[in-house]
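Report on one structure; see the data block that follows.
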Amino acid sequence: MAKKILTEHINVPGIETFDVYRQHGGYAAVEKALKTMTPDEVVEEAKKSGVRGRGGAGFPMGMKWGFLAKPEGIPRYLVCNADESEPGTFKDHHLMRSIPHLLIEGMIVSSFALGAHKSFIYVRGELLYVVRILEQAIAEATAKGFLGKNILGTGYDLELVVQPGGGAYICGEETALLESLEGKRGNPRNKPPFPAVKGLYQSPTVVNNVESIANMPWIINNGGDAYAAIGIGRSTGTKLISASGHIRKPGVYEIELGVSVDEFLNSDEYCGGVRDGHYLKALVAGGSSVPILPAHLITKTANGEDRLMSYESLSDGGFATGTMLGSGGFIVFDETACIVRNTWNFARFYHHESCGQCSPCREGTGWMEKVLHRIEHGHGSMHDIDLLVDISKKIEGNTICPLGDAAAWPVASAIRHFRDEFVWHITNPQEASRPGAVYMGDLA
Ligand code: NAI
Ligand code: SF4
């Protein structure tokens, strides 16, 4: 059985309440950190753990904390990014609604480490019931002396605010989130300056994902070195994976980083394999923003090695042959899935969610959606395939925030790996546009 850092107690009845959470060792990390450690020592444990940002980018959390500017007399903020909206990603939602005190405890320890006295949890706007759950947990923790003024008599004060999000995917981009938190439209800012220097209200701010922060209680209780001993190479610790699509057991799983993709996909401990009577066609390993992998590259890398659930192994070969661990949104497609239709669906999503600030993203996502629509509906031409590649190249790297890249990569990788399927749509327009029609390749 794999090590469980975040989900060990998640199914205990009543774990959402303060008392049951406390009976299972909850808030011990707050006591240890605030009573026996300095903020710098807490930061040091985060650095030693090697834990990387679990929202998708995988940036080392301790290093990000180390970048936080500390000018005299200026407040610092910790903002938890709980605006989980990446298609195929639902792990933070699961964590917050099931074991909210884990996040609250992580927020207290992390705020203490950063010297923040007012911290925020920005929750996806559609998840209002999760806002209520977190507010209830905060009220309980405050009543027990773990939040508010002079926590546990240590002299440390912390106010925790839960903010419902603006209801747009782009508000999960960290600088758009900060704009939204300030009461403005959620438009991403240019970086640099990074939030660590100029963030919320122009003050130094750390923005961390829910899962990243929820790791901190375990890291404080057991030490950063113990965390770093789990996992593989620079992919330390465990990771929550949201598994969906054509598998026998969809759900949220906590894996030790480094488990093989084959084991994760096929063992009964996790996904249980592709649904009965069907076979694997493609995989999106890290949410809709990452390149898609065809069946022959899912369990083996381009070099023939076992592909592992780790930041390094999934991206083996770069975007030419690999994908990314990203947010851990593991979407499995069997042979009944139409790649063109799916790519069009993703493109439609990004076009709808583009904030419109930069032309390559605003116009390019719309063009990609239109071109994919016409290919899928039997009106495409062979030139359209090159046109899509061209548009995706013009978007990539030329936008303010990563939404542009996120829109471009799935299109470029779908064409790279499934060109035959695009060609089939164009050369067999009547058959391809029939509802439910799927390219069967060699099986046709
Ligand atoms: P990024 O790579 O630009 O930044 C990562 C983090 O490191 C940021 O917090 C940034 O401020 C910090 N950072 C990087 N360089 C720094 C420096 N020199 N000084 C100080 N701080 C620095 O990536 P970003 O834009 O934060 O995230 C993109 C990822 O988000 C994508 O991989 C995508 O998969 C994921 N994503 C996840 C979603 C979800 O629902 N979980 C939704 C949408 C995207
Ligand atoms: Fe807005 Fe797209 Fe530019 Fe991001 S890349 S700032 S979403 S227009």
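Numbering starts at 1 and runs along the sequence shown. Just follow the structure's listing: the first ligand is 1, and inside any ligand the first atom is 1. Values below: every heavy atom of this structure, side chains too, minus hydrogens, waters and symmetry copies.
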If you leave out waters, which protein N, O or S atoms are less than 2.8 Å from atom 2 (Fe) of ligand 2?
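N, O, S partners closer than 2.8 Å: C361 SG.
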With sequence neighbours excluded, what pairs up with R341 under the salt bridge (charged side-chain N to carboxylate O under 4.0 Å, His left out) test?
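Partners of R341 by the salt bridge (charged side-chain N to carboxylate O under 4.0 Å, His left out) criterion, ordered by chain and then number, come out as E376.
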The single option from K249, E254, E263 that satisfies side chain to side chain contact (heavy atoms under 4.5 Å, CB included) with Y270 is E263
Determine yes or no for a side-chain-to-main-chain donor-acceptor pair under 3.5 angstrom, with [X] supplying the side chain and [Y] the backbone.
X    : Y    : answer
D384 : G380 : no
E182 : L200 : no
S111 : S119 : no

Name the orientation class of the two ring planes belonging to Y27 and H101 (parallel below 30°, tilted from 30 to 60°, perpendicular beyond 60°).
perpendicular
Does the plane of the ring in F330 sit parallel, tilted or perpendicular to the ring in F264? Use 30° and 60° as the thresholds.
perpendicular
Please determine, by modelled atom types, if Y350 and S289 share a side-chain donor-acceptor pair under 3.5 angstrom.
yes
So which residues, sorted by chain and number, lie with a heavy atom under 4.0 Å of ligand 1?
G55, G56, A57, F59, K64, F67, E84, S85, E86, Y169, E174, K191, F194, P195, S327, P402
Pairs under 3.5 angstrom only: tabulate donor-acceptor contacts from the side chains of residues 404-421 to other protein residues two or more places apart or in another chain.
residue	atom	partner	partner atom	Å
D405	OD1	G397	N	2.8
W409	NE1	E396	OE2	3.3
S413	OG	I292	N	3.0
S413	OG	W409	O	2.9
S413	OG	P410	O	3.3
R416	NH1	F319	O	2.5
E421	OE1	K281	NZ	3.1
E421	OE2	K281	NZ	3.3
E421	OE2	I339	N	2.9

